[in-house]
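Please read all numbers here as calculations on a predicted model, not as lab measurements.
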Amino acid sequence: MKKTVLTLVAVLAAMAGFAQDNLAQGKDAIATTGNAAAAVDGNTGTRWESAQEDNQTWQVDLGTAQEFNTIQIVWEGAYTKTYTIEAGDNVDGDGWLTDGTVIASGVNNAMPNTQTIKLTTPVTARYIKYNAIDRGTQWGNSFWEFRVFNAEDPVLTSIDLTASAAYASIGSAVTLTAAGKDQLGSPFETGTVTYTVEPADAGTVSGNIYTPTQAGSATITASVGDIHSNAVTVTAYDGEKIDLFTDWATRVEALGEDTKEDSKVGAFDANINSLWELYGNSEERNYETGFIVDLQANYDITAISVMFEGACSRDYQISFAGSNKEFGAPAFTWAGPEGVMFRTDFWTEGDAANSTKGVRYVKFLSTRAATQYGVKIYDFSVYGKSSELDATVPAISEVSAEATGDNSIAVYATGVDESEGNISFEFTLGSETLTASAASGTQAEAEFTGLKSGKEYTITVVAINEVGVKSEPATVTAITTGEPDPNLWAGAQITPNVYFAPNWAVNDNYSVDINETTATITTNEATPAIDNGIWQAQFFFLTDIATSKENTYDFKATFTADKDINATIKLYQRPEEGGSNDIFYFTEDIQLKAGEAFTLPKSDKFIAMKGIDMQNVGLLVAFGGNPAVTINVEDIVLKVNDGEQPEQPETNAISSVNTENASHNEASYNLAGQRVGSQYRGIVIQNGKKMIRK
């Protein structure tokens with residue numbers, strides 16, 4: 001279908017210059033089978049198509065006897081092999097020509113496309129009958145148009161200009177072909193042709209050879225006197241095609257969905273009959289698939305060509321990386337139509353949204369296929385020239401930081417790189433990243449504000465050269481001035497980690513908001529109270545707080561839920577963070593009443609806890625086996641005890657304290673408030689917490 005459409009376009013373009021009257025257009029026509037009139041309606045989108053049999057006949061009535069000397073037939077693919085053409089003035093009762101004279105005959109050994117038959121002598125007749133004796137294909141006989149002319153002497157009427165390539169490297173030869181045509185679209189000698197190139201400095205023409213002299217697009221036309229051709233466009237690029245075929249098996253990495261392994265070489269072997277087949281399983285065709293190719297040296301990319309089979313990509317991106325293989329934002333992005341489309345996309349450096357300099361790795365990533373048949377690539381070609389930035393990686397030569405106040409730290413860095421141009425720096429503290437730039441060998445500076453007083457901060461610094469290659473990271477620490485907040489939690493970096501699994505099926509139907517000493521947890525569905533269902537909703541807040549066995553600590557937090565629920569609260573370090581489930585400050589089961597604040601411990605004073613050597617202290621709130629609920633956690637305090645002995649609180653909660661930690665705790669009291677020894681069995685209050693001694 002694609003080729004047929006192109007043929008029709010070419011025919012229409014050829015007919016645009018005709019200066020002869022078609023004597024058959026709009027006249028009456030008959031045929032043994034098929035719609036005869038479709039061949040004389042002047043529309044190359046309709047056709048006469050006979051039955052799929054030999055010995056078919058088509059005839060036109062010119063209305064009156066007229067003189068003509070040329071017959072032209074525009075064929076569809078189903079052509080006639082052997083034919084005769086008759087002309088005359090008499091017809092029988094059915095309207096068919098009788099006693100006609102054969103004015104032409106012949107054999108078509110191939111599909112003739114547009115066939116022009118020039119008669120040896122002019123003929124005057126009213127009826128012209130075409131006898132299709134046998135067919136050239138298994139189909140019927142079919143032509144778009146049957147034209148009749150009394151042609152004048154042929155003269156040059158139009159010029160059809162073509163170029164041997166639409167894309168070419170600077171300095172290469174592109175052959176121009178200026179084909180002259182007469183009034184009927186038949187070939188005609190052009191004589192001397194003059195070529196015009198716009199812009200004039202884009203390239204030169206010598207004879208019929210165009211040579212581009214600079215990158216970019218040029219428009220070329222051919223002229224003979226006042227007859228001008230169509231325009232052709234040739235886009236030039238610098239550099240040469242990079243060899244991707246040698247060692248392709250080790251330099252090409254498949255990405256995303258399934259790739260037909262034995263087809264990979266098809267995109268790089270310069271063989272138009274082989275292709276790379278990439279597949280995906282999504283019915284919506286929005287899967288990711290593609291590849292990364294290692295150029296094995298650094299290049300400045302000047303052009304990329306992607307030739308697709310009909311199973312093409314609807315949306316894709318091409319990204320570049322330097323020697324560190326860290327890809328930046330896409331340089332080229334295609335968002336195309338649905339459906340089958342054989343096409344070639346040609347990108348030049350002038351199209352690029354991001355840098356094409358110093359490239360070693362090229363990534364093609366299709367994010368949506370145009371059909372259900374995957375993504376198939378006949379050819380993937382990369383053009384470029386050796387980069388002056390070949391393999392250069394910046395380095396950080398100096399880095400330092402200092403407090404500039406109670407709440408701010410300045411950081412300084414100097415980078416060096418063999419390439420010319422500025423070096424960019426990324427300074428990262430927690431989730432905040434600041435940027436600055438400076439020339440190679442000179443210092444860049446950034447300042448973080450809004451920090452906590454008297455707190456040590458670690459800042460990570462990375463240098464990036466102009467082609468996006470990054471240095472190895474460096475770190476530096478500094479302590480803000482002023483007195484630190486005694487509440488360790490207030491200055492901590494806090495990261496939530498959630499296991500929410502109603503019926504033990506993990507999902508993300510929840511939300512967590514954190515703001516220093518507060519947090520809000522919301523679940524949007526209930527968790528069944530079966531199979532120890534409490535663990536179906538675990539919200540863990542991991543911090544960078546470290547505690548020491550040399551200190552005693554105070555902890556307090558207030559919990560409020562919008563429904564009646566049971567919960568377990570635990571202060572510990574998870575095993576995956578380097579801790580142990582058996583080493584914890586406390587684990588406590590509590591009951592929350594809807595809308596009522598519950599402070600743990602239930603006292604205005606803190607509960608004193610003997611210290612433990614622990615890194616990355618975390619707070620667990622587990623409340624599975626409950627309805628969908630919102631829990632607010634407020635006024636979280638974790639601090640080193642200031643020496644004050646806390647009062648024994650009234651509490652309905654019963655705690656568990658690990659044996660190792662309990663041996664260091666202070667005195668125990670029975671429920672009457674009397675101090676008891678270590679041999680006492682029953683419910684005791686120790687460090688403000690109820691426990692059962694057995």
Side-chain angles (χ1 to χ4, degrees), residues 257 280-284 286-288 431 489 492-543 555-602 616-636 638 651-656 658:
E257 298 286 347
N281 299 318
S282 169
E283 293 182 1
E284 292 78 22
N286 57 352
Y287 50 83
E288 292 188 351
S431 60
W489 200 278
Q493 295 182 24
I494 305 170
T495 304
N497 191 292
V498 180
Y499 177 79
F500 185 60
N503 287 310
W504 302 113
V506 179
N507 67 42
D508 58 0
N509 199 12
Y510 63 85
S511 64
V512 181
D513 294 318
I514 305 172
N515 184 16
E516 288 202 348
T517 61
T518 65
T520 299
I521 304 167
T522 299
T523 61
N524 297 312
E525 61 182 288
T527 53
I530 58 173
D531 296 331
N532 201 14
I534 188 172
W535 303 116
Q536 295 180 26
Q538 301 178 54
F539 288 75
F540 183 76
F541 299 97
L542 177 67
T543 76
F555 176 86
K556 184 179 75 170
T558 299
F559 301 85
T560 308
D562 64 352
K563 296 183 179 67
D564 291 352
I565 68 165
N566 298 317
T568 294
I569 312 300
K570 186 173 184 179
L571 190 68
Y572 77 121
Q573 181 175 329
R574 290 193 310 184
E576 55 265 40
E577 305 301 339
S580 167
N581 282 324
D582 297 326
I583 300 176
F584 54 88
Y585 279 107
F586 65 81
T587 177
E588 189 146 1
D589 297 326
I590 64 175
Q591 293 180 336
L592 301 179
K593 298 296 183 181
E596 295 183 9
F598 183 100
T599 299
L600 180 67
K602 296 180 68 176
N616 303 110
V617 174
L619 176 65
L620 173 70
V621 181
F623 54 95
N626 286 294
V629 64
T630 295
I631 302 175
N632 291 316
V633 187
E634 299 176 295
D635 301 326
I636 304 174
L638 177 61
T651 178
N652 292 323
I654 297 180
S655 302
S656 295
N658 75 19

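Residues Asn509 and Thr523 fail the side-chain proximity criterion, which asks for heavy atoms closer than 4.5 Å. Counting heavy atoms from C-beta outward, Ile590 and Ile569 have side chains that approach closer than 4.5 Å. Looking only at side-chain heavy atoms (C-beta outward), Ile521 and Tyr510 stay at 4.5 Å or farther from each other. In this structure the side chain of Phe623 reaches within 4.5 angstrom of the side chain of Phe539, judged on heavy atoms. The shortest side-chain heavy-atom distance between Phe559 and Val621 falls under the 4.5 Å cut-off. No side-chain heavy atom of Thr518 sits under 4.5 Å from any side-chain heavy atom of Asn632. Taking 4.5 Å as the limit, some side-chain heavy atom of Ile565 sits within range of a side-chain heavy atom of Ile631.
Side chain of Asn616 to main chain of Leu542: no donor-acceptor pair is present (N/O by atom type, distance under 3.5 Å, no hydrogens or angles). For the pair Lys556 (side chain) and Thr599 (backbone), a donor-acceptor distance under 3.5 Å is absent. A donor-acceptor distance shorter than 3.5 angstrom exists from the side chain of Asp562 to the backbone of Thr630, with no hydrogens or angles considered.
Surrounding CD of Glu525 are more than 12 heavy atoms belonging to other residues, nucleotides or ligands, all under 6.0 Å away.
Nearest approach of Pro496 to Val512, heavy atoms of both residues: CB-CG1, 4.2 Å. Between Ala537 and Thr527, the shortest heavy-atom distance links the atoms CB-CG2, 4.5 Å. What you find for Val629 and Ala561 is that their closest heavy atoms are CG2-CB, 4.1 Å. Nearest heavy-atom pair, Pro502 versus Ala526, reported as atom, atom and distance to 0.1 Å: CB-O, 3.5 Å.
Ser511 is linked by a side chain to side chain contact (heavy atoms under 4.5 Å, CB included) to Thr522, counting only residues two or more places apart in sequence or in another chain.
Note that CH2 of Trp504 and CH2 of Trp535 are 9.5 Å apart. Values are rounded to the nearest 0.5 Å. Here the straight-line distance linking atom CD1 of Ile534 with atom CG of Asn626 works out to 8.0 Å at 0.5 Å rounding. Interatomic distance, CG of Asn566 versus CG of Asp589, reported as 8.0 Å (0.5 Å rounding). Leu619 contributes atom CG, which lies 9.5 Å from atom OG1 of Thr543 (distance to the nearest 0.5 angstrom). Expressed to the nearest 0.5 Å, how far CG of Leu571 lies from CG of Leu638 amounts to 6.0 Å. Taking CZ of Phe598 as the start and CD of Gln591 as the end, the distance is 8.5 Å to the nearest 0.5 Å.
Put simply, the residue from Phe584, Tyr585, Phe540 that forms a ring-ring contact (aromatic ring centres under 6.0 Å, His included) with Tyr572 is Phe540.
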ask   = For Asn507 and Phe500, what are the C-alpha separation, side-chain angles and deciding distance, and is it a side chain to side chain contact (heavy atoms under 4.5 Å, CB included)?
value = CA-CA 6 Å; Asn507 67 42; Phe500 185 60; 3.2 Å; yes
request  = Under the side chain to side chain contact (heavy atoms under 4.5 Å, CB included) rule, what do Thr568 and Thr587 come out as? Steps first, then yes or no, please.
outcome  = CA-CA 7 Å; Thr568 294; Thr587 177; 3.7 Å; yes
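In this structure, Phe555 and Trp489 have perpendicular ring planes: the angle between them is above 60°, well past the 30° mark.
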